[in-house]
Amino acid sequence: MEYNFREIEQKWHQRWVQQRTYHVEEDGSKEKFYVLNMFPYPSGAGLHVGHPLGYIASDIYARYQRLRGKNVLNPMGYDAYGLPAEQYAIQTGQHPAITTEQNINRYREQLDKIGFCFDWDREVRTCDPKYYHWTQWAFQKMFGSFYCNTCQKAQPIEQLIEHFEKEGTANLDVAQSEELTFTASDWAAYDDVKKQEVLMNYRIAYLGETMVNWCPKLGTVLANDEVIDGVSARGGFPVVQKRMKQWCLRVSAYAQRLLDGLDTIDWSDSIKETQRNWIGRSEGAEIEFKVQGSEKSFTIFTTRADTMFGVTFMVLAPESELVKELTTPEQQAAVDEYLTYVKKRTERDRISDRKVTGVFTGSYAINPFTGDANPIWISEYVLAGYGTGAIMAVPAHDSRDYAFAKHFNLPIIPLIEGCDVSEESFDAKEGIVCNSQGKDFSLNGLTVKEAIAATKKYVKEQGLGRVKVNYRLRDAIFSRQRYWGEPFPVYYKDGMPQMVPEECLPLELPEIDEYKPTETGEPPLGRAKRWAWDSKSNTVVDCSSIDNITVFPLELNTMPGFAGSSAYYLRYMDPHNDKALFSAEADNYWRQVDLYVGGSEHATGHLIYSRFWNKFLYDLGVSCEEEPFRKLVNQGMIQGRSNFVYRIKDTNTFVSIEKRDQYDTTPLHVDVNIVSADILDIEAFKAWRPEYATAEFILNDDGQYKCGWAVEKMSKSMFNVVNPDMIVERFGADTLRLYEMFLGPVEQAKPWDTNGIDGSHRFLKKFWNMFWSKEDFAVTDEEPTKEELKSLHKLIKKVTEDIEVFSYNTSIPAFMIATNELTSLKCNKRAILEPMVVLIAPFAPHIAEELWEALGHDTTVCDAQWPKFEAKYLVEDTVKMMVAFNGKTRFGIDFPADADNATIEAAVRSHEMTPKYLEDKQIVKVIIVPKRMVNIVMK
RNA sequence: GCUCGAAUGGUGGAAUUGGUAGACACGAGGGACUUAAAAUCCCUUAGCCCGAAACGGCUGUACGGGUUCGAGUCCCGUUUCGAGCACCA
């Protein structure tokens, strides 16, 4: 019988659905394993061959773990909120829910063809109210919490109120937006609104007036990770800084734990490094500088406390509050002019031209180490959001300060012995310190490292400041001015946000008639007619009934994309629970994701936010693991392989690549789907576009049209998108799966090249033919030979080890080799072939099922047992070893596998290739290097 | 600029983690079967040299050094490419 993949794949797909083969329940008698893919945003373009790469890799792992007897959770769902559906809605008026639903159905259809072992009973969609109920719930919990630095944990806000009632802000060490100071009696005297305002300073989800990335073109704010090079990540539109009141999440409170947690998880170095960079921890000191001739003082942050003697001026960020206080009347006009200039500059301007700009405030600051007065400047190179928004400038040892000093002609004092600062600053933290002699304190002669430590100690002892750790990680802006997102369960009373009662969740997204912002510039939800909260009846009511007594306006912003994706992996554990995000039992069983597979583009977004979110739930005692993803594998992008035709300029004649140089041609992208092995299907080409219907061709000498090619991003506009459906149609899902894995290491980016797929398909046919001879199922119960067993056990060993380390691209050759060996041995014995079916089941599940059934099993191959290899079959009778004399001459001798040194030495001596002179010399030692080599060292 | 990672035939990529470099596949070339095509199968395929032949020799893993009996693998330096951060003090 021939290998009819279409029939086989259809049959088994149906059977898996009917028998609910991949349905999974908690089962205390079995060890669990949780495999997860980053759930997709269902875009209108459907899947291309790059998308399933990670899904296939994790599917293989999931199936393997199941065959090892584990209870495997491998769910799938959709990140259903997103900008494309909303923009489509703005253009066409079609509700984004409809667009999203259509796209989901298309995705599902495509996914189903590839034979994944997803438990679809656990599917989640972020736009489903039953799902976002728990997104809203978590938000409310964050609103009701603050972060205690002493216990390094989120705590209920009530505890903070209690503290305020007892002692105000005394003895308080908590995460906060700005440092407030008040007493217990102050607190008691505050009215309700004031108290709410104060608490907002501490909540983990808080309404904060901060500088945000505003994208006018998209009409919304963006998080830091959504802005790349000063433009929006989606669309590439300019982004400006704007002060706005927005919901924020106090992610920064978790900076240290997010950093420390990286050491406990099994992620790639590169992604850990990316996260470390993003968190940006730097240890330094805050040092106080007094303003000359005034009671005022301010604090700067530095990591180079050792350079205190090299300070020649101070710089404030233009947005700093100190600017107002420190500007002298004489300088007022100049400062105002400068501030106007800075305001006009966008984020992008700042990045693209790094001009040295600044203005003198007129004030001077006293260096606490030297007593010198240093002029205080303002410059945009100092950032308001980092440290204290003020720096001490050490031009000799900081390139930015150096550029500033040169430009404005300020003094430069070198502090490292032998360093040359005539052309550029000496930034390296190395060398011996000099020129650093104070009244009662000297750093001269110390190394930079020693000097930093000594200065910190001195600063602390003298009360000049304190040792401080700063992080680059900022709080996440959590509001979006969009329609297609989770609504906030928040209404406003006296301008202060109030939470919709927990038992009233979910608060469902209202219908609106248009999806644009309102004429007055409010977010789209401003158009909703029914979008007010009646706090008496606890229901959503008509906006027209808003009064000041019981009915209040609801929040018009919605949550950003990362809200729904931050805890979805937890929801899969218990997706239908309507009492809680998940039950404690489900969480205790599944705990955390054991293997998470997805793209590295989420390194500073989703993978930070969900770690934060999970840690918060952990603090609450809701989640039992602090880190959500134990092991992370980043699959590489599959790039497209574009094809080109060459049109002779100003004609409709196309010339084949070999003859292209004889003409003046323009390369044009051509649809890769009408090109096969770089040979153009001319008829299909003529039919492709009307303008090519009359095209003429100059062919190769062999009468074919050969196209050029290049590796580019897979995209519609390059006509290089390869659709998995087409591959499945032509070769079958099993071939696609095998080929995608064979293409190269999962983690690596690589171009898609359909040309090589025949090899994988041929292998499956060969595999099939081991079982079938013409029309007969030819498997016998004969005893296998040693050679056959060796072939099998080599394969078991290799495949098992490869899967464990996720290196499938090398186990597929192992299958090919074993199949070739066994075919040439004409082996059709059950004892060999049956385990091989199990081994291949994770990779090519359909063919495995079909053969498993043909072998007479009435259960699916998914419930088989993973074969174990036995070392005895792998031991060679003889081992070929290379013999070297003092590392020079070499030849090979076959030794018995268990030969000892004496035997080997004797064999070497008596060997005909052993040099004659050896007999006169004494062998000092015989080194046997594992498996490979005998090394003779002589006197 | 800082931090991390990579570099192996015409191509994708192997190499038991320091032990015969180039597995396996694609592509290419040759052959068998066939009227022909498709399908299938076999041989060659890093470069160079010697030879009637060989399981013969030399060179070779971006470049230059080093450690080692032995280096694609470890160390130092250089070049190129990729990724992340970037006026973060």
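In what follows, every chain begins at residue 1, and chains take the letters A, B, ... in the order their sequences are listed.
- Contact annotation for Pro751(A): no contact, since no heavy-atom pair falls under 4.0 Å across all strands.
- rG70(B) makes up no base pair with any nucleotide shown, lacking Watson-Crick or G-U wobble contacts both under 3.5 Å.
- Ring planes of Phe289(A) and Phe298(A): parallel class, angle under 30° (limits at 30 and 60°).
- For the segment residues 375-393 of chain A, the set of residues with a heavy atom within less than 4.0 Å of an atom of RNA chain B comprises Tyr381(A), Val382(A), Leu383(A), Tyr386(A), Ile391(A), in numerical order.
- Syn is the classification of rU17(B), since its glycosidic angle stays within 90° of 0.
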Counting primed atoms, P, OP1 and OP2 as sugar-phosphate and everything else as base, the B/S/- map of nucleotides 22-28 of chain B against protein heavy atoms under 4.0 Å is -BBSS--
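- For the OP1/OP2 pair of rG84(B) and a distance below 4.0 Å, the side-chain nitrogens and oxygens of Gln275(A) include no atom meeting the criterion.
- Taking 4.5 Å as the limit, every side-chain heavy atom of Leu258(A) sits out of range of all side-chain heavy atoms of Gln275(A).
- Remark on RNA chain B: of its neighbouring residues Gly280(A) and Ser807(A), the 5'-side contact belongs to Ser807(A), judged by nearest-heavy-atom nucleotide.
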Note to self: The test is side-chain hydrogen bond (donor to acceptor under 3.5 Å, both in side chains); show your working for Asn470(A) and Ser282(A) and say whether it passes.
What the structure shows: CA-CA 5 Å; Asn470(A) 259 323; Ser282(A) 59; 5.6 Å; no
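- For Tyr873(A) and His793(A), the distance between ring centers is under 6.0 angstrom.
- Closest to the Ser282(A) side chain, of the nucleotides rA89(B), rG13(B), rC85(B), is rA89(B).
- Residue-level contact check: Glu801(A) touches neither bases nor backbone, having no heavy atom under 4.0 Å from any strand.
- Across all strands shown, rU34(B) forms no Watson-Crick or G-U wobble pair with both key distances under 3.5 Å.
- Across all strands, Lys272(A) comes closer than 4.0 Å to no nucleic acid atom at all (heavy-atom distances).
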In sequence, state the C-alpha distance, the side-chain angles, and the governing distance for Ile271(A) and Leu632(A), and then conclude on side-chain contact (heavy atoms from CB on, under 4.5 Å).
CA-CA 9 Å; Ile271(A) 210 122; Leu632(A) 174 74; 3.9 Å; yes
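- Both distances falling under 3.5 Å, in either a Watson-Crick or a G-U wobble arrangement, occur for no nucleotide opposite rA14(B).
- Using Watson-Crick or G-U wobble geometry with both donor-acceptor distances under 3.5 Å, rC58(B) finds its partner in rG47(B).
- A syn orientation is assigned to rG9(B), its glycosidic angle lying within 90° of 0.
- Residue-level contact check: Arg641(A) touches neither bases nor backbone, having no heavy atom under 4.0 Å from any strand.
- Using a 4.0 Å heavy-atom cutoff across all strands shown, Arg276(A) reaches no nucleic acid atom at all.
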